[in-house]
Amino acid sequence: MSSARSVAYVASGQIPPSPPPLASTGVIGWLRENLFAGPLNTVLTVVSVAAVALFLPQFVDWAFLKGVWTASSLSECREIIAAAHGEGARGACWAVIDERFNQFLFGFYPSDQYWRPILAFLLLGVAIAPVLFDKLPYRGVLLIHSALYPLIAVFLIWGGSFWMIPMVVAGPVLGWALGFRAGTKVYGDGNFLAALGVLVGVTLLWWFFALGPAIGFLHGLIPVGLEEVGSRRLGGFLLALIIGVTGIAGSLPIGIVLALGRRSNMFFIRTMCVVFIEFIRGVPLITLLFVANVVLRYFLPPGTEFDLILRVCIMVTLFASAYMAEVIRGGLAALPQGQYEAADAMGLNYWQSMRLIIMPQALKVSIPGIVNSFIGLFKDTTLVSIIGLLDPVGLLNPIRADSNWHGIIWELYLFVALFFFVFCFSMSRYSMYLERKLKTDR
Amino acid sequence: MTVTTERPGPVFRIDMLWNDSRYRSTFLQIIALVAVMLSVLWLVNNVVENLAALGKEFSFGFMNTPSSYDINQRLIEYSSRSTHSTAAVVGMLNTLLVAVMGCILATVIGVLAGVLRLSKNWIVSRLMTVYIEGVRNVPVLIQILLYAAVFDEVLPAPSAFRGETPEATLLLGSIAATNRGFYFPMPIFEGGSFWVVAAFVAAVCAAVWFSRFGTRRQQATGEHLPVFWINLGVIIGVTLLAYLVMGRPISLEYPELAGFNFKGGLYARNSLVALWLALSIYTGAFIAENVRAGIMAVAKGQTEAAYALGMRPNWTMRLIILPQALRVIIPPLISQYLNLTKNSSLAIAVGYMDVTGTLGGITLNQTGKEMETILLLMVFYLAISLSISFVMNLYNDQVKLIERTTVTGGGFSVLHLFAGVSGKWETLKRGDAKMHDNYGVAGWLNLVVLLYGVTFVLMLYYVFIDDIRDSYWTWGTGHKLIALSLMVLSGATMVTCIFKNARFVDLAALELVVFILAVLIGLPFGEIAFGASTVLVVFGGLAARLASIAYTVFAPRPNVTYFNRVRPEAAS
Amino acid sequence: MTDAVRDDHMPDDHIPDRSKMRVSDEVAIQISNMNKWYGEFHVLRDINLNVNRGERIVICGPSGSGKSTLIRCINRLEEHQKGDIIVDGIELNSDLKNIDKIRAEAGMVFQHFNLFPHLTILENCTLAPIWVRKTPKKEAESVAMQMLTRVKIPEQAHKYPGQLSGGQQQRVAIARALCMKPRIMLFDEPTSALDPEMIKEVLDTMIGLAEEGMTMLVVTHEMGFAQAVANRVIFMDQGQIVEQNEPKEFFTNPKSDRTKLFLSQILGH
């Protein structure tokens, strides 16, 4: 094409668009590009298709086509399957899930009281909403509900006197009134520390000494309350949720404090935080649960008895907060130094600059990590079965030992696994969505 | 206003504790310290009262009493007459066994799944997504229990392998999977197998040398040698040759049915296999995500730039992508190893006797020593975690160093630890202490720390564990004192060297004196010429101490610490 | 020779009116024998500097000479180890209340703006007045809008910093500092992270401030600005004040060799 003539060129007209060749588009093009690009890819495709073709129909056949949903024992299941599909046919016996469904949900909670955990669960949604969305109507009122929710949930699930709620709240309210309202006259406007000390002191004194008698007295006057349900009767997904939600709600504030402490320039505070975080992260959760189960009582005044579930919740919260602290520390480290300097230069004090400038940004950066550690925490709640609590995993062994259902494995484990999968998978998708959203934010 | 230079400071007032930056942090810390001490006191007091009320005492004496329980899966000699401490060691070894095997398998699974998930092949990447998401989002405990239950209830009994037409057959003709456990073929080493192994090692060394030769050759002449294939041939060929020449000294022992059970081969209980598989598959899913993220973190522009330079895809992978991706992958990989090790404590749920099962399980229940056993358990896991994080810190530091200086190439080599030693002299010669002096310092410190570490561990071994010599417990008070103070001083020097300002000449000198004294009186390592390791303790120890002193005297910038080498540069 | 100090960035439509910039006898900042070290490194050596109210001082010098550190010491972003700093009659020592007071008195503008990316422009401006000065929100907002109008970007008030250009961000940073009603403004290389066409708008804002009689300490390499606005130019090198003079004299007749070398490098081409 090397022509000696003029190089000047003028297009003679517009070329209309035309479709691409068939081999690079449509089904064939897609197949070629995605499944059969090169020999290795072809082999991989064939192997994978073969594996899926072998496994999937068998599974569908076992689980759904030949699955039995109502029966009273495994042998009955087998009879039904044999009758329907011939001798030797294998099918799933989902009847066990059907029969034990309430147990999986509530453990051994009295069945006439099921409305209480259900109500608590619904109220949990109401309590979370104003924290997540800041444009809700009546957000102030809802936030008060969120703050009181732990007490409400405890009251609903464990029962007892209704007076527990106002009397527990009375402690900090009294402390606040004495410390900040009345106290400012005594200590002067600026003496935040003294007022805080009074608040904490009065609250603790109230809780330790006045709480029990006050509840007893008021309950004697006007008995309002719910039937008490002991911790031993809690179980199933209810228990997993109680431990998970407590851990999640508790670990975030403690984690923030630990993360700030670890970045503090006060040597002692920093050392304490580092030691705590590294210690907790260095041991498996199961050892901490052992501590909750058998060791914790040594550290409390003789004669103190408190609930195993509460002890477990405390340990799980401490465990989760160490991990949370590391996630938040990462977020803090991601902030440029300039943000700290600008906040300082404007004259904000430490807590103001943390609350208004640093934390909002650091938390936003670490949201995906926070959700991931929530997922980890929720999965870790299964460990409580090892110290004998009847969470969904803890319920499996008694069921397998039941003579009616002896020999059943896959159905039980798949069901419990599916429950956790649904929760964790949706949370992880949510965290991915947040991550993408944060990336495109600016 | 007059210009004042040195004035007496303002008189101290009580509110300055809160309002003065000089006092506030100290004041707050003292408050915190007092609060912590009070709570510790309260807790200790409670413990004392509780123990007294129960008639117990806090002591570890029970560790030397017979355990009187059996452990069915063990790596060392053990019987029910052995002590509780032996049981604990059996458990620790079992933990380490499943952790190491799990890490290896998880890495293989994870790397494969991670790479396949990035594959352009639609169905393969989808399948890998299903695996990763499915496994990651289900608690590992459920998976462990499921595998164990399936093995126990679904696998055939050993008797099913019997007869003319057995119901079950060996997997791959060599592995028996039964409801009582797995039997693997076991390699048997006979006389002469040493030479096969030696030949293999020699071949590997030759291969390493040859690849270096190939690189040099390439640098000199530009010619590429097919290094990989030649090396592969050499390693296989030489080993095979030695194997044949020595008369096939290595053979496999296959499991055989004898009576009601299998005999021979390597036996692993179902609980171990279930735990191993579940942990590997679970952790593998996380590793796959790390691998994927690492590869994706290398900007696409890097690949394009390499292609534009005419590099082939496999070179691009090896020279451009992997070196960059590894830097991103390795730190989370190490923390996954840590997670796997901690998760191995779930062994207790399936009855595999790891350290949680022995020490934290049966020993705890039998002796009722809850605090002591759980304390030991935690210390064991902490030791593992801390050493893994130590390795990780070393790696991270090294990567940072590589980034800052001109050294390129991927991966981590122990040799990097010493790279700085030679770098030091260059910087000194050039008299340029701006960029490279920290680099040099790091090399020295690495050397010192390593020597200290090795000698310290060996000293511990000689003093407390080795029963050939007189045990520590039989020495006189003077000897005990000297040995103890040596331990404490070396530990302190080492820790100072690692964590604090490296200016520690006084400490190191004091330690040197005690060390020489200890060697002179024959403590704790009796006859000097006793063996290679004794020589290492003495001369390595001397070298480490002299090096640390020399370093302190000659180092140009003594405020450089090991973990925080670079001081914040002065802002302009 | 004055023409040697050309500067393309100076706004040509706005000739600074020096008659408006009056210097009073009142002392605003007094620094005497101030020394500072970073570890072993002596960054500031025997600094003596008196700034009267209304003075506009430009500090220049090679990088690493300590000029940024000097003005960061004035509001305690850095701590000096020896000597005295007195700002508005308040001595800068370890008393946290004094530090707070001085920080409220002295506004600071950074090289990299350091706006808070999670807050809108308006929130950036009202944050400190509300929390530090305890101004009612309404009032703080109206002041902020005034200040934003003054830096000519009131229409951006409800955007986020990420949506603004560099020059606009820096003007917001100036407005943010002004909202605290400072009596002294410290500028730490306010234009060196900006594209040339944006430098002009920032300098224009700064000239406006000078005309209103603001006391200003500016670390900058904009020599045109120094010539037009400053009443004193300070040259620092290796941690000490090498030379200070009126701009005209400083540029036409530098005394020290180091100053000459610096000026020839910065103006030579």
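Every chain is numbered from 1 and lettered A, B, ... according to where its sequence line falls, protein lines coming before strand lines.
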Donor-acceptor pair, distance only, cut-off 3.5 Å: does the side chain of [X] make one with the backbone of [Y]?
X	Y	value
A:Lys379	B:Leu141	no
B:Lys342	A:Ile286	no
B:Asn50	A:Arg297	yes
B:Asn46	A:Tyr298	no

Rounded to the nearest 0.5 Å, how far apart are [atom1] of [X] and [atom2] of [Y]?
X	Y	atom1	atom2	value
B:Asn343	A:Leu383	CG	CG	8.0 Å
B:Ser345	A:Leu285	OG	CG	8.0 Å
B:Leu146	A:Leu414	CG	CG	7.0 Å
A:Leu44	B:Asn121	CG	CG	6.0 Å
A:Phe267	B:Gln29	CZ	CD	8.5 Å
A:Glu278	B:Ser389	CD	OG	6.0 Å

Mind ranking [options] by heavy-atom pairs under 4.5 Å with chain B and telling me who comes out on top?
options	value
A:Ala51, A:Ser428, A:Cys424	A:Cys424
A:Pro284, A:Pro302, A:Ser48, A:Gly282	A:Pro284
A:Pro301, A:Ala417, A:Ser264	A:Pro301
A:Thr42, A:Leu300, A:Val49	A:Leu300
A:Asn265, A:Thr45, A:Thr381	A:Thr45

Heavy-atom closest contact ([X] atom, [Y] atom, distance):
X	Y	result
B:Ala32	A:Phe268	C-CE2, 3.6 Å
B:Gly360	A:Phe290	O-CE1, 3.8 Å
B:Gly134	A:Phe421	CA-CE1, 3.7 Å
B:Trp42	A:Phe299	CZ3-O, 4.2 Å

Side chains of [X] and [Y]: closer than 4.5 Å at any heavy-atom pair?
X	Y	value
A:Ile386	B:Leu346	yes
A:Phe420	B:Asn137	no
A:Trp410	B:Val150	yes

Is [X] in contact with chain B via its backbone, its side chain, both, or neither, using a 4.5 Å heavy-atom distance?
X	answer
A:Arg270	neither
A:Met272	side chain
A:Phe378	neither
A:Val291	both
A:Val52	side chain

Side chain, backbone, both or neither: which part of [X] has a heavy atom under 4.5 Å from chain A?
X	answer
B:Phe58	neither
B:Leu43	both
B:Val36	side chain
B:Lys56	side chain
B:Ile374	side chain
B:Ala53	neither
B:Leu145	both
B:Ser119	side chain
B:Leu116	side chain

For chain A, find which of [options] contributes the most heavy-atom pairs closer than 4.5 angstrom.
options	value
B:Leu127, B:Thr26, B:Leu33	B:Leu33
B:Glu49, B:Glu133, B:Lys120, B:Gln143	B:Glu133
B:Leu51, B:Ile123, B:Leu54	B:Ile123

Just wondering, are more than 12 heavy atoms of other shown residues or ligands nearer than 6.0 Å to CZ in A:Arg90? no
Heavy-atom count around A:Trp62 CH2 within 6.0 Å, excluding the residue itself: above 12? yes
Begin from the C-alpha positions of B:Met378 and A:Phe279 and carry the test side chain to side chain contact (heavy atoms under 4.5 Å, CB included) through to its verdict. CA-CA 9 Å; B:Met378 284 178 158; A:Phe279 171 74; 3.6 Å; yes
Residue that, paired with A:Val283, satisfies side chain to side chain contact (heavy atoms under 4.5 Å, CB included) out of B:Val379, B:Leu382, B:Leu377: B:Leu382
